[in-house]
Amino acid sequence: MKGLLTICCCIYLNLPVIGQDNKDFAYIDNKVRHIPSAETYSTSAIAGYMRSNFKTDQEKLRAIYTWVITNISYDTDSMYHINWSMDPDEKISATLRRRRGVCENYATLFTDIAMKSGFNAHVVNGYTNFGAASKAGHSWCAVQLQDKWFLCDPTWDIDYKGNTKYFLVTPIDFIETHMPFDPLWQLLEYPVTYHEFKRGIFALNKDKPIFNFKDTAKFFFQLDSLQQLETSNRRIKQAGVENDRQKNWLAYNQMKIAGIYGEKDMNLYNSAVADLNEANAVFNDYVKYRNNGFIPVRPDIVMSKLLDDIPVLVSSAKKKLAQIGQTVDNFQYDTSSIINSLNKLSGRVTEQKSFLKKYLSLSGEERSKLFYK
């Protein structure tokens, strides 16, 4: 697992810059320095400050970007302290607490604040084409401004001197240095292949099938985390797995997919056990009532329904148990013992329903005699 997890941790170098039109953000950058400390201990608080203190969407994004690159220190030690959890919220909170991180932490923090500020944003994972950094995985950000998509790499701007190079870069420029594992996040109508990226061929090849990345990205945000991982893996495979970094990323995603399905199996198992326990409780209440001679007396219509909830609960439990292990092998949950208990309970319910039917068909003293046979 360790080998898979560390592929996300980049190596920071003094890297070449991408051509970008830089605007005068000095006023915004200076204003960001005066955020009250109390507003910086959660991404929700930071996002709230940005929404309240900056007017345009571009200003808000710039303020978020500047805050991240000027308040988080690059520290390779952080990959061991922060990134072991698969829970993004824990990573974010640890990054804010420590004020340190690597590329994954910069990207995750910027993306979370941007999303809480009302933007569509996503952490992009892939690799670059510069020296030692190209041998490790890397993380950056995609963000939608108005109806256009841009890419940002806060890690590569941490030597900020008032003039950032990787803020809101157009996809056609960004692909010259950054290759995402999932081709969706190239955000190009004609995605670049691995071999083209390796050889530095970035001219649009309109002989390729056109890729509607805008609609695909829009649909992506409507999916849950499991569906996002599964569709991402399908796109990676369709594009072609050409190197170990891509293979490792696919394996890492598959591990996360298995983890989500494993959690679903756990929830299904626990819910089935809860159904069984509830069904047993209903049956035990019935047995106590019968052992007391069905006293206090209840209307026949109520009596006839005393056991009706149990078959429903048994059926519900069996349906849940049947779903366990459909996607990932089940080595953890002994469903056979639960099914056996459900079947035994069903048999006892059938016997008691027969007794109830006979009881309700009689009247007066004839009913009482049933308890003495």
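The structure displayed is predicted, hence computed values, not measured ones.
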Exercise for the section: State whether the side chain of Asn129 and the backbone N or O of Glu176 hold a donor-acceptor pair below 3.5 Å, judged by distance alone. Expected result: yes
Handout entry: Test log, rule side chain to side chain contact (heavy atoms under 4.5 Å, CB included), inputs Tyr127 and Asn243
Key = CA-CA 11 Å; Tyr127 50 94; Asn243 59 51; 3.4 Å; yes
Exercise for the section: May I have the step-by-step check of side-chain hydrogen bond (donor to acceptor under 3.5 Å, both in side chains) for Asn212 and Lys218, ending in yes or no? Expected result: CA-CA 10 Å; Asn212 189 343; Lys218 182 179 179 181; over 6 Å; no
Practice task
Might you work through the side chain to side chain contact (heavy atoms under 4.5 Å, CB included) test for Ile46 and Glu39, ending with a clear yes or no?
Solution key: CA-CA 6 Å; Ile46 297 171; Glu39 302 282 355; 5.9 Å; no
Practice task
Start with the C-alpha gap between Ser337 and Asn340, add the side-chain angles, then the distance that decides, and say whether side-chain hydrogen bond (donor to acceptor under 3.5 Å, both in side chains) holds.
Solution key: CA-CA 5 Å; Ser337 64; Asn340 187 47; over 6 Å; no
Exercise for the section: Verify, without hydrogens or angle tests, whether Asn292 (side chain) and Lys288 (backbone) share a donor-acceptor contact under 3.5 angstrom. Expected result: no
Practice task
Indicate the atoms forming the closest heavy-atom contact of Val32 with Phe54, along with that distance.
Solution key: CG2-CZ, 3.9 Å
Handout entry: Atom of Ala142, atom of Trp185 and distance for their closest heavy-atom approach
Key = CB-CE3, 3.8 Å
Handout entry: Any side-chain heavy-atom pair of Ser304 and Ile301 under 4.5 Å
Key = yes
Exercise for the section: Indicate yes or no for a side-chain donor-acceptor contact from Glu278 to the backbone of Asp275 under 3.5 Å, with no hydrogens or angles considered. Expected result: no
Exercise for the section: Could you tell me whether a side-chain N or O of Arg235 sits under 3.5 Å from a main-chain N or O of Pro183, the two making a donor and an acceptor? Expected result: no
Problem - Val68 with Met115, same ILVMFWY side-chain cluster at under 4.5 Å - result: no
Handout entry: Heavy-atom closest contact (Leu370 atom, Lys358 atom, distance)
Key = CD2-CE, 4.0 Å
Practice task
Using the ring pair (Phe, Tyr, Trp, His ring centres under 6.0 Å) rule, pick out the option among Phe150, Phe25, Phe110 that qualifies with Phe167.
Solution key: Phe25
Problem - Leu356 with Val312, same ILVMFWY side-chain cluster at under 4.5 Å - result: no
Practice task
Give a yes or no on whether the backbone of Gln227 and the side-chain of Asp224 come within a donor-acceptor separation of less than 3.5 Å.
Solution key: yes
Problem - Residue pair Leu109, Lys91: steps toward the side chain to side chain contact (heavy atoms under 4.5 Å, CB included) verdict - result: CA-CA 9 Å; Leu109 187 59; Lys91 291 181 185 179; over 6 Å; no
Exercise for the section: Could you tell me whether Arg98 sits above the aromatic face of Tyr41, with NZ or CZ closer than 6.0 angstrom to the six-membered ring centre and within 45 degrees of the axis? Expected result: no
Handout entry: Heavy atoms from other residues, nucleotides or ligands near CD of Gln222 exceed 12 (cutoff 6.0 Å)
Key = yes
Practice task
Examine Ile201 and Met179 and state if one hydrophobic cluster contains both, with Ile, Leu, Val, Met, Phe, Trp and Tyr joined whenever side-chain heavy atoms are less than 4.5 Å apart.
Solution key: no
Problem - ring-ring contact (aromatic ring centres under 6.0 Å, His included) assessment of Trp156 paired with His138 - result: CA-CA 11 Å; Trp156 282 15; His138 187 48; 5.5 Å; yes
Problem - Where Gly101 and Ile72 come nearest, the two heavy atoms and their spacing - result: N-CG2, 3.9 Å
Exercise for the section: Give a yes or no on whether the backbone of Thr193 and the side-chain of Glu196 come within a donor-acceptor separation of less than 3.5 Å. Expected result: yes
Problem - Heavy-atom neighbours of Glu242 CD exceed 12 at 6.0 Å - result: yes
Problem - From CE (Met50) to NZ (Lys60), nearest 0.5 Å - result: 11.5 Å
Handout entry: Heavy-atom side-chain contact between Leu145 and Lys148 under 4.5 Å
Key = no
Handout entry: Expected output: side-chain Thr231 to main-chain Gln228 donor-acceptor under 3.5 Å
Key = yes
Handout entry: Joint hydrophobic cluster, Val282 plus Tyr359, side-chain heavy atoms closer than 4.5 Å
Key = yes
Practice task
Find out whether the Lys NZ or Arg CZ of Arg290 is both under 6.0 angstrom from the six-membered ring centre of Phe355 and within 45° of the ring's axis.
Solution key: yes
Fill in the blank from the handout: Heavy-atom closest pair (Pro311 atom, Lys353 atom, distance to 0.1 Å) is CG-NZ, 3.9 Å
Practice task
Please confirm whether the backbone N or O of Lys55 pairs with a side-chain atom of Glu59, one donor and one acceptor, at under 3.5 Å?
Solution key: yes
Practice task
Evaluate the side-chain proximity of Cys152 to Leu168: yes if any heavy-atom separation is below 4.5 Å, no if none is.
Solution key: yes
Exercise for the section: Could you walk me through whether Arg33 and Asp29 pass salt bridge (charged side-chain N to carboxylate O under 4.0 Å, His left out), step by step? Expected result: CA-CA 7 Å; Arg33 296 189 183 97; Asp29 293 351; over 6 Å; no
Exercise for the section: Hey, could you give me the CZ/CD distance between Phe197 and Gln186, rounded to the nearest 0.5 Å? Expected result: 9.0 Å
Handout entry: Non-hydrogen side-chain atoms of Cys141 and Val123 separated by less than 4.5 Å
Key = no
Completion exercise
The single option from Asn71, Asp75, Thr40 that satisfies side-chain hydrogen bond (donor to acceptor under 3.5 Å, both in side chains) with Arg99 is Thr40
Handout entry: Sub-6.0 Å ring centroid separation between His122 and Phe220
Key = yes
Handout entry: Leu250 vs Gln254, side chain to side chain contact (heavy atoms under 4.5 Å, CB included): CA-CA, chis, key distance, verdict
Key = CA-CA 6 Å; Leu250 274 172; Gln254 195 58 49; over 6 Å; no
Problem - Ile113 and Ser117, any side-chain heavy atoms less than 4.5 Å apart - result: yes
Exercise for the section: Answer yes or no on whether Lys320 is positioned over the face of Tyr269, meaning its NZ or CZ is under 6.0 Å from the six-membered ring centre and within 45° of the axis. Expected result: no
Exercise for the section: Would you check if the side chain of Tyr65 reaches a backbone N or O of Asp153 as a donor-acceptor pair within less than 3.5 Å? Expected result: yes
Handout entry: Exercise: identify the closest heavy-atom pair between Tyr194 and Gln246
Key = CB-NE2, 4.4 Å
Exercise for the section: Side-chain contact test, heavy atoms from C-beta onward, threshold under 4.5 Å: evaluate it for Phe213 versus Pro171 and give yes or no. Expected result: no
Problem - Any donor-acceptor pair under 3.5 Å from Asn30 side chain to Ala26 backbone - result: no
Practice task
For the pair Arg62 and Thr164, evaluate side-chain hydrogen bond (donor to acceptor under 3.5 Å, both in side chains) and give the outcome as yes or no after the intermediate values.
Solution key: CA-CA 10 Å; Arg62 176 65 184 197; Thr164 56; 2.7 Å; yes
